[in-house]
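Read through the structure below, which is laid out as structure tokens, and then see the notes.
Note that these values count all heavy atoms, side chains included, but never hydrogens, waters or copies made by symmetry.
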Amino acid sequence: MTVTTAGPADSAANAADKATRPGETNQHYDLDPEIFGLFLDPLRKYSSGLYRTDGITLAEAQVAKLHWVAEELALTEGARLLDVGCGWGSLILFMAREYGARVTGISPAGRQHEFIAARAAEFNVVDRVTTAVGRFEDLDLPARSFDAVTMLGSIVHMPDVDLAARRARSMLRRGGRYYVSETCFRNTAARDEFDRRAGTEFVRNSIFGWGDMRPLSELVRAVEDAGFSVDDVEDLTEDYRLTIEDWLVRVAESAAAIDELRPGMAAELTRYLEVANAGWGFTTKHYALVCRNGR
């Protein structure tokens with residue numbers, strides 16, 4: 001297990017300056033990891049599961065989703081995978097453990113890297129797991145060195161979606177695959193009407209610090225302009241709705257324990273998740289894009 005930090009350009013002065021830039025606030029992801037353990041699945045996967053089997057549990061839905069992502073990426077033993085916005089390491093640890101992939105995870109949230117390092121040792125995959133502390137846009141990463149790049153719910157935190165897509169392509173070998181899943185406004189009109197509503201601002205500022213949902217059309221344009229071919233677009237809206245329903249149940253069941261770690265956090269999580277679930281199909285959708293670097 002290797003942890004790296006942003007390159008030489010990220011001096012203390014630069015880091016202080018960047019603290020005020022969009023996407024730099026990690027107030028939510030730098031919370032006590034135990035808070036997330038109280039309402040997420042055992043892997044602590046903080047994105048949509050895959051509910052395609054009747055009666056499936058949250059834990060089973062998250063494992064199903066990870067297997068599905070691996071299939072979409074055509075992941076094989078020894079494949080090199082870069083996960084941008086790796087969270088608590090659910091995807092990279094799973095791919096290293098279940099598929100023998102060599103994985104690198106990126107996140108600006110320091111607490112997440114400490115947690116991943118401990119889990120990598122627990123799962124005996126230290127030799128296949130590397131993480132990097134910083135922003136994808138700033139880190140010095142080897143070009144054309146990965147077979148797959150994933151962004152599960154992280155491109156929303158990147159102010160320049162075109163830059164993010166171009167950088168992702170520059171990381172991939174020829175034929176490599178790029179997986180992006182993101183919550184999007186249903187269309188441009190919905191964005192214009194709801195982007196500055198109270199619920200949206202609460203999630204953006206009180207939970208994440210910064211985030212910019214876009215219509216699907218903007219994501220498709222960005223990846224196509226970057227040079228990718230779009231191989232698949234999957235609507236995961238219903239899957240994410242069911243995921244959040246399960247999270248809400250777990251928050252309610254664990255409210256006292258959550259508030260013991262951070263007073264008032266259970267109510268804040270409940271409001272955030274209810275706001276997210278209220279918009280599905282009306283203002284928001286959740287999509288997965290699978291793209292290929294054909295040249």
Passes side chain to side chain contact (heavy atoms under 4.5 Å, CB included), V63 versus H67? Steps please.
CA-CA 6 Å; V63 168; H67 280 303; 3.6 Å; yes
To check you understand the geometry: which heavy-atom pair defines the closest contact between Q62 and S47, and what is its length?
NE2-O, 2.9 Å
For residues 116-147, which residue pairs qualify under ring pair (Phe, Tyr, Trp, His ring centres under 6.0 Å), counting only residues two or more places apart or in two chains?
none
Given the rule that I, L, V, M, F, W and Y join up when any side-chain heavy atoms are under 4.5 Å apart, are Y178 and V233 in one cluster?
yes
Distance-only, no hydrogens or angles: does the E137 side chain make a donor-acceptor pair with backbone N or O of R167 under 3.5 Å?
no
Between L50 and L236, is a side chain to side chain contact (heavy atoms under 4.5 Å, CB included) present by the stated rule, with each step listed?
CA-CA 8 Å; L50 198 67; L236 299 174; 3.8 Å; yes
Are a donor atom and an acceptor atom from the side chains of D232 and Y179 found within less than 3.5 Å of each other?
no
Does any non-hydrogen side-chain atom of R173 lie less than 4.5 Å from one of N293?
no
Test your reading of the model: is there a side-chain donor-acceptor pair from R102 to the backbone of G78, 3.5 Å cut-off?
yes
CD of E224 to CZ of R221, rounded to nearest 0.5 Å, is 10.0 Å
Applied to residues 247-259, the side-chain hydrogen bond (donor to acceptor under 3.5 Å, both in side chains) test, sequence neighbours excluded, yields none
Heavy-atom check, side chain of K285 versus side chain of L216, under 4.5 Å
no
Apply side chain to side chain contact (heavy atoms under 4.5 Å, CB included) to V251 and I258, showing your working.
CA-CA 8 Å; V251 169; I258 291 171; 4.3 Å; yes
Quick one: does L289's side chain get under 4.5 Å of E182's, heavy atoms only?
no
Do Y46 and W88 have their ring centres less than 6.0 Å from each other?
no
Sub-4.5 Å side-chain heavy-atom contact between V84 and T150
no
For the pair R186 (side chain) and F282 (backbone), establish whether a donor and an acceptor sit closer than 3.5 Å, ignoring hydrogens and angles.
yes
Flag the pair R44 / F115 as yes when at least one side-chain heavy-atom distance between them is below 4.5 Å, and no otherwise.
yes
Closest heavy-atom pair and its distance - G153, H157
O-CD2, 3.9 Å
So, the side chain of D41 versus the backbone of K45: is there a donor-acceptor pair under 3.5 Å, distance only?
yes
Is there a path of hydrophobic side-chain contacts, each under 4.5 Å between heavy atoms of I/L/V/M/F/W/Y residues, joining L38 to V249?
no
Could you tell me which non-hydrogen atom of L66 sits nearest to which non-hydrogen atom of S90, and how far apart they are?
CD1-O, 4.1 Å
To the nearest 0.5 Å, what is the distance between OG on S145 and CZ on R80?
6.5 Å
Does a side-chain heavy-atom distance below 4.5 Å link W280 with N277?
yes
Ignoring hydrogens and geometry, is there a side-chain-to-backbone donor-acceptor pair from D231 to C291 under 3.5 Å?
no
So do M213 and C184 actually touch side chain to side chain, heavy atoms under 4.5 Å?
no
Output all residues satisfying side-chain contact (heavy atoms from CB on, under 4.5 Å) with T57, sequence neighbours left out; order by chain, then residue number.
A59, E60
Exactly one candidate in V161, V230, D162 meets side-chain contact (heavy atoms from CB on, under 4.5 Å) with V223; the answer is V230
If you take all heavy atoms of L139 and V133, which pair is closest and at what distance?
CD2-O, 3.7 Å
Report the relative orientation of the aromatic rings in Y99 and F94; use parallel for angles under 30°, tilted for 30 to 60°, perpendicular for over 60°.
tilted
Keeping H286 on the side-chain end and T183 on the backbone end, is there a donor-acceptor pair under 3.5 Å?
yes
Quick one: closest heavy-atom pair of T243 and D239, and the distance?
OG1-O, 2.7 Å
Would you indicate whether E245, at its atom CD, is surrounded by more than 12 heavy atoms from other residues, nucleotides or ligands within a distance under 6.0 Å?
yes
Would you check if the side chain of H113 reaches a backbone N or O of T131 as a donor-acceptor pair within less than 3.5 Å?
no
T284 side chain to G279 backbone, donor-acceptor under 3.5 Å
yes
L141 vs I106 side-chain heavy atoms within contact, under 4.5 Å
yes
Less than 4.0 angstrom from a charged side-chain N to a carboxylate O is my criterion; do R262 and D32 meet it?
no
Salt bridge or not for E274 and R241, using N-O below 4.0 Å?
no
Let me see the working for R177 and V149 under side chain to side chain contact (heavy atoms under 4.5 Å, CB included), right down to the final yes or no.
CA-CA 6 Å; R177 291 178 177 265; V149 174; over 6 Å; no
Identify the two heavy atoms, one from A168 and one from F228, that lie closest to each other, and give their separation to 0.1 Å.
C-CZ, 4.1 Å
